[in-house]
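Chain naming here is simple, since letters A, B, ... match the order of the sequence lines and numbering starts at 1 in each. For clarity, every value in this text was computed on a predicted model and none was experimentally measured.
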2 protein chains.
Amino acid sequence: MEHEKNQQLQDFVYQGKSYPCCTSLTMGLIGGKWKTVILYHLLQGPLRYSELRQQMPQVTERTLSLQLKALEKDQLIKRKVYHQKPPLKVSYSLTDLGKTLEPLILQLAQWGELVMQNQISMAQAQTEK
Amino acid sequence: MEHEKNQQLQDFVYQGKSYPCCTSLTMGLIGGKWKTVILYHLLQGPLRYSELRQQMPQVTERTLSLQLKALEKDQLIKRKVYHQKPPLKVSYSLTDLGKTLEPLILQLAQWGELVMQNQISMAQAQTEK
DNA sequence: CAGGATCCAGGATGATACTG
DNA sequence: CAGTATCATCCTGGATCCTG
């Protein structure tokens, strides 16, 4: 007799979390409402906290802060503090691992644009099988 | 070719929802814990409700049902009912739009596998600046 | 077989005020 | 400037039972 029947499937584990599928693992790291947006902006290069806020005015300070910490913990971005006299300066940039996400992020962006462009024409061309 | 630094805070709207970035739009459609897993399995071909459950034993009936409806509403999958005498048969498959997600889903899967493979070697090679 | 109906816990996100 | 602390809310997803 086996004890637990639900955990015997192949789980993908990373950073202490387990995922039911390799796509879930990826989504666990870049999923959520803001992470891909942050990564998308960081593709251009390092940005400061305030610069990120300017580019994403809808996000709150708290949420941005939390998402940045999560991304940093997962080693997708790195946080650099410039120890000059105040005002404080902190910049965020992609890690090497984070840079490997570039094609993925770009494809996410492209697909979003594709859907935007096609949603009207698709309504007309509506092919049903 | 330079693009505007001052990107307007234009929202991306699809299916009545608005997103702050084109990547958000994509994530809004395939984000969450289960949608990419469902799509990943449907890449092989149509599957019945019970077959999906077998391939994703960790998901509950309710959640699978909700996610399938969301994907259907966003026109990424289609639901086909076979009107035979009971037992009822329903199959889910990708729409044409859903099929355009194939490269993206595969890339999500590949990146997840990459991270799994590299997480040990990265712990050693840990380059810090 | 393929879900719908409920109830519910926890996480994700937001608003606002405050700090080193 | 770059966050934290606190409180409130919303939403996702889980457990369980029920039905056409």
Side-chain angles (χ1 to χ4, degrees), chain A residues 4-7 15-21 24 27-38 41-42 46-74 77-93, chain B residues 15-21 24 27-38 41-42 46-74 77-93:
Chain A
E4 317 290 336
K5 62 186 173 197
N6 40 359
Q7 282 284 18
Q15 302 274 350
K17 285 186 187 171
S18 96
Y19 306 89
C21 172
S24 306
M27 294 302 287
L29 299 193
I30 68 169
K33 193 169 173 179
W34 295 109
K35 286 180 182 172
T36 58
V37 185
I38 295 172
H41 288 307
L42 288 181
L47 289 174
R48 302 180 57 177
Y49 181 81
S50 53
E51 293 172 327
L52 280 168
R53 290 215 64 200
Q54 287 164 27
Q55 304 220 22
M56 308 159 55
Q58 308 94 330
V59 75
T60 62
E61 300 170 352
R62 174 191 138 92
T63 298
L64 179 56
S65 178
L66 288 176
Q67 300 303 310
L68 286 170
K69 272 195 280 192
L71 288 169
E72 187 188 6
K73 167 177 160 292
D74 289 334
I77 67 174
K78 55 191 167 194
R79 177 176 184 274
K80 182 168 185 183
V81 184
Y82 293 83
H83 287 294
Q84 51 191 26
K85 68 280 181 186
L88 201 51
K89 178 174 175 180
V90 178
S91 86
Y92 294 91
S93 57
Chain B
Q15 300 276 353
K17 286 185 185 170
S18 94
Y19 306 90
C21 173
S24 306
M27 294 301 286
L29 299 193
I30 69 169
K33 193 170 175 181
W34 295 110
K35 286 181 183 173
T36 57
V37 184
I38 295 171
H41 288 308
L42 287 182
L47 289 174
R48 302 179 58 178
Y49 182 80
S50 53
E51 293 171 328
L52 279 169
R53 291 214 63 199
Q54 288 164 26
Q55 305 220 21
M56 308 159 57
Q58 308 94 332
V59 75
T60 62
E61 301 170 351
R62 174 192 134 95
T63 298
L64 178 55
S65 178
L66 287 177
Q67 301 304 310
L68 286 170
K69 270 195 283 189
L71 289 170
E72 186 188 6
K73 167 176 159 296
D74 290 334
I77 67 174
K78 54 191 167 193
R79 179 176 184 273
K80 182 169 184 182
V81 184
Y82 293 84
H83 287 294
Q84 51 192 26
K85 70 278 180 186
L88 201 50
K89 178 174 175 181
V90 178
S91 87
Y92 294 91
S93 57

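- Nearest heavy atoms, B:Y19 versus B:G28: CE2-CA, 3.7 Å.
- Between A:Y49 and D:dT4, a side-chain N or O to OP1/OP2 separation shorter than 4.0 Å is absent.
- Checking the phosphate oxygens (OP1, OP2) of D:dG3, no side-chain nitrogen or oxygen of A:K69 falls inside 4.0 Å.
- The NZ atom of B:K89 sits 13 Å away from the P atom of C:dG3 (whole-angstrom rounding).
- Regarding B:L64, its CG atom lies at a distance of 17 Å from the C1' atom of C:dA5, rounded to whole Å.
- In terms of phosphate contacts, A:Q67 brings no side-chain nitrogen or oxygen within less than 4.0 Å of OP1 or OP2 of C:dA12.
- Using a 4.0 Å heavy-atom cutoff across all strands shown, A:K35 reaches no nucleic acid atom at all.
- Distance from the side chain of B:T63 is smallest to D:dG13 among C:dA2, D:dG13, D:dA2.
- Among the atoms of the strands shown, only primed sugar atoms or phosphate atoms (P, OP1, OP2) are found under 4.0 Å from some heavy atom of A:R48.
- Atom pair B:W34:CH2 and D:dG13:P shows a separation of 9 Å (rounding to whole Å applied).
- If you measure from atom CD1 of B:I38 to atom C1' of D:dT12, you get 13 Å, rounded to the nearest angstrom.
- Regarding contacts with the backbone of D:dG3, a side-chain N or O of A:R79 is found under 4.0 angstrom from either OP1 or OP2.
- Atom CD1 in B:I30 sits roughly 16 Å away from atom P in D:dT12 (whole-Å rounding).
- Shortest non-hydrogen contact noted between B:L64 and B:M56 is CD1-CE, 4.4 Å.
- The separation between B:E72 atom CD and C:dG4 atom C1' is 15 Å, rounded to whole Å.
- If you check every strand for non-hydrogen atoms under 4.0 Å, B:Y82 touches nothing.
- For B:T60, the listed nucleotide lying nearest its side chain is D:dG14; candidates were D:dG3, D:dG14, C:dA2.
- Heavy atoms of other residues, nucleotides or ligands lying less than 6.0 angstrom from NZ of A:K73 number more than 12.
- Put simply, the side chain of A:R62 and the base of C:dT16 share no donor and acceptor less than 3.5 Å apart.
- For A:R53 and D:dC1, the CZ to P distance is 11 Å, given to the nearest whole Å.
- Heavy-atom minimum distance, B:Y82 versus B:L88: O-CD1, 4.4 Å.
- Residue contacts for A:E51: at a heavy-atom cut-off of 4.0 Å it reaches no nucleic acid atom on any strand shown.
- The distance between atom NZ of A:K80 and atom C1' of D:dC1, rounded to the nearest whole Å, is 18 Å.
- Applying the 4.0 Å criterion to OP1 and OP2 of D:dC11, one finds that A:K33 has every side-chain N and O outside that range.
- Closest of all the heavy-atom pairs between A:P46 and A:E51 is O-OE1, 4.4 Å.
- Comparing C:dG3, C:dA17, D:dA2 against the side chain of A:E61 picks out C:dA17 as the nearest.
- The nearest heavy atom of DNA chain D to A:L66 and to A:L88 marks one nucleotide each, and the one closer to the 5' end goes with A:L88.
- Contact annotation: A:S65 side-chain N/O to D:dG3 OP1/OP2 distance is not under 4.0 Å.
- Considering every non-hydrogen atom in both A:L47 and A:H41, the closest pair reads CD1-O, 3.8 Å.
- Of the candidate nucleotides C:dG14, D:dG13, C:dT13, C:dG14 has the atom nearest to the side chain of A:V59.
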